[in-house]
Every structure is written in structure tokens, then in C-alpha cells.
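Just follow the structure's listing: the first ligand is 1, and inside any ligand the first atom is 1. Keep in mind the model is a prediction, meaning the values are calculated, not measured. Note that these values count all heavy atoms, side chains included, but never hydrogens, waters or copies made by symmetry.
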Amino acid sequence: YILIIGACGQIGTELTYTLREKYGSEHIIASDIREGNEDLMQSGPFEILDATNYDALEEVIAYYDISEVYLMAAMLSATAEKFPMRAWNLNMNTLFNVLNLAKEKKITKIFWPSSIAVFGPNTPKDNTPQNTIMEPSTVYGISKQSGERWCEYYFKKFGVDVRSIRYPGLISWKTMPGGGTTDYAVEIYHKALTQGTYTCFLEENTKLPMMFMDDAIRATLQIMETPENEIKERSSYNLGAMSFTPKEIAASIQAIIPDFTIDYAPDFRQQIANSWPSSIDDSNAQKDWNWKAEFDLEKTTKTMLENLKNRV
Ligand code: VAH
């Protein structure tokens with residue numbers, strides 16, 4: 001059985017649906033700190049769970065005979081700057097609880113998401129390598145960098161089979177993001193359809209690595225299905241798909257909605273974005289587990305607008 005922690009989040013929601021479809025709903029236990037969308041909670045077993053509470057988590061693991069855990073709960077970059085200690089507590093204590101359950105052999109495999117946020121202002125920005133300078137300057141990035149160190153430590157010291165991906169900014173039409181710096185790339189599509197205009201909180205030439213959610217979910221399942229001895233990076237894998245600026249995503253929308261306009265009002269999230277890479281070298285993921293992205297900006301925009309126009 002598989003447990004998803006943070007199943008009502010931006011990635012967790014789509015991961016839950018995909019895993020339920022693939023393995024059968026009854027094998028996928030969704031959990032979150034609070035109730036989420038009705039449909040998700042009705043589509044299979046759901047538990048209200050505070051994964052920072054070891055005993056509560058251990059109880060769910062035992063009750064459902066869980067063997068694999070996807071730990072998708074975290075406080076993202078923008079919100080984490082407002083509540084640093086709450087972010088550290090949530091992001092780290094959930095990870096320690098899951099790693100320790102695996103060390104105690106109560107679970108056998110873990111997926112834990114890292115992020116391009118582990119890179120900092122003095123990291124090479126273009127085609128950022130798998131192994132390079134990492135001095136994250138955000139609470140979220142520090143928690144993800146620390147988490148990577150702990151994952152590698154638990155693998156080397158206790159043989160814990162934890163796998164991880166450094167997600168870029170993720171774009172989905174099924175779920176809204178929560179408190180991230182890349183959220184503009186989701187909001188812009190909603191605003192293009194509902195208001196015909198969007199005020200972007202990042203400067204027009206802020207280039208960031210991005211990925212459509214279908215690619216991110218496919219990569220997650222792919223790394224989890226890779227034979228253990230083929231996983232060479234036990235901190236976390238760089239993963240790339242596309243990079244674009246607010247100006248470029250706006251132009252891709254205008255190709256479909258010519259009257260759409262954008263203006264810019266950068267806020268505190270600009271300096272977070274300035275500290276991150278512009279593009280990612282994911283050759284290790286390509287080599288070790290055959291990663292290949294399928295969605296570029298044009299295909300992403302087409303898919304987003306097509307699916308959102310029926311919903312908004
Ligand atoms: C954020 N969407 O903006 C997340 C992600 C790379 C960005 O970590 O914080």
C-alpha cells in the first residue's frame with residue numbers, strides 16, 4: 001500500500017489521481033492536514049494526518065500496512081519567508097519522521113521532493129549542473145538543501161531507499177499552487193481567461209525553469225519504478241523541461257488570445273526568483289533513468305487554456 005502525505009496539495013492531488021488509476025484506489029491512502037477537494041477524498045481511502053506527529057504517522061502506516069510513502073507536504077518559498085520556523089518544522093520534521101520509519105524498516109521506499117530552490121545566488125545560472133555551488137538564500141531552499149543531505153545520509157548509513165527530484169516551477173490546470181514564487185505561471189492562465197489581463201509579480205525578463213505537471217508526475221513514477229541500483233544520485237536529481245520568462249509565457253498566450261495584456265508589479269518574490277537558476281542540466285536523470293520531457297511552452301499553454309476555458 002502507498003501513503004501520500006500532502007495529497008491535497010498542488011503535486012499531491014495529481015499524484016493521488018495518477019497512482020489510484022495505476023494501482024487501484026484501494027491501494028492508495030491519501031492524507032493531508034485538512035480536508036481537501038471532495039472528489040479526491042471520495043475516490044479512495046483518506047486520512048486527516050499531521051505528519052509532523054511521529055506517533056500519528058506510525059499509526060497510519062501500521063493500520064494500512066503501508067510500504068511506500070510519497071512525502072508531498074511542505075511550505076513553499078514565498079510563504080516560508082513569512083513563517084520561517086513553521087516552514088522549517090513542517091518541511092524537516094515530516095522528513096525525519098518518514099526517514100526514521102524507513103530506518104526502522106516500517107516502510108521500504110520513499111519519494112521526497114526537492115526543488116531548484118536548493119541553488120542560490122552564486123550558483124551558475126545557465127544549465128545549472130547536478131553538482132555545483134549551493135548556497136540557498138531562502139528558508140524553503142535551506143530546508144530542501146538540508147533535506148537532500150539527510151536523504152543521502154540515511155541512504156548511506158541505513159540503506160534507506162529514498163528517491164528525490166529537484167522540481168522546477170510546476171504548472172497544472174487541475175490544482176492551484178500554494179505560496180510559491182513560480183505561481184505566476186499558473187495564475188496567468190486563469191487571469192487570461194477571466195480578466196483578459198494579468199499583473200505579474202515578477203519582472204518581465206525573469207527566466208526560470210518550469211515544467212508541466214504531467215511531465216512532473218511521469219518523472220516521479222519513473223524514478224520510483226527505477227531499479228534501486230540504477231539510482232546514482234541519493235541527494236536529489238536535477239530535472240528540466242523548459243525555461244521561460246513572464247514575457248515569453250505572455251506571448252505564448254497572446255498567440256491564442258490576441259487581446260490578452262500583461263503588466264508588471266514585482267514584489268518580494270522577485271529576489272527569491274533572482275536567486276534561482278535560469279535553466280537546469282538534467283543529463284544525470286536522462287542517463288540514469290531515461291528522463292525526457294514532453295511539454296514545451298507552446299504545448300503547455302495550449303493544454304492549459306483548453307482545459308481551463310471549460311472550468312473558469
Ligand atoms: C516555489 N513552486 O515556487 C515552488 C518551487 C521551484 C519553485 O519550489 O516555491
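Ligand 1 has an N or O atom lying under 3.5 Å from an N or O atom of Ser115, backbone or side chain. Between Trp276 and ligand 1, no pair of N/O atoms sits closer than 3.5 Å.
Among protein heavy atoms, atom 2 (N) of ligand 1 sits closest to Thr182 OG1, 3.0 Å.
Short contacts between ligand 1 and Gly180, defined as distances under 4.0 Å to a heavy atom of the residue, involve ligand atoms 1 (C), 3 (O), 9 (O). The ligand atoms of ligand 1 that sit less than 4.0 angstrom from a heavy atom of Leu76 are 9 (O). Counting the atoms of ligand 1 from 1 in the order shown, those under 4.0 Å from a heavy atom of Tyr140 are 8 (O), 9 (O). Interface atoms of ligand 1 facing Ser77, defined by a heavy-atom separation under 4.0 Å, are 1 (C), 3 (O), 9 (O).
A centroid separation of less than 6.0 Å is found between the aromatic rings of Phe96 and Trp150.
Between Lys292 and Asp282 no salt bridge is recorded (no basic side-chain N to carboxylate O distance below 4.0 Å). With respect to Glu248 and Lys207, no salt bridge is recorded, no charged nitrogen being found less than 4.0 Å from a carboxylate O. Lys174 has a carboxylate O that lies under 4.0 Å from a charged side-chain N of Glu14, or vice versa, which qualifies the two as a salt bridge.
Checking side-chain atoms of Gln10 against main-chain N and O of Met213 turns up no donor-acceptor pair under 3.5 Å.
The option from Ile116, Thr181, Leu208 that lies nearest to atom 6 (C) of ligand 1, judged by heavy atoms, is Ile116.
Using modelled atom types, one finds a donor on one side chain and an acceptor on the other under 3.5 Å when comparing Gln270 with Thr206.
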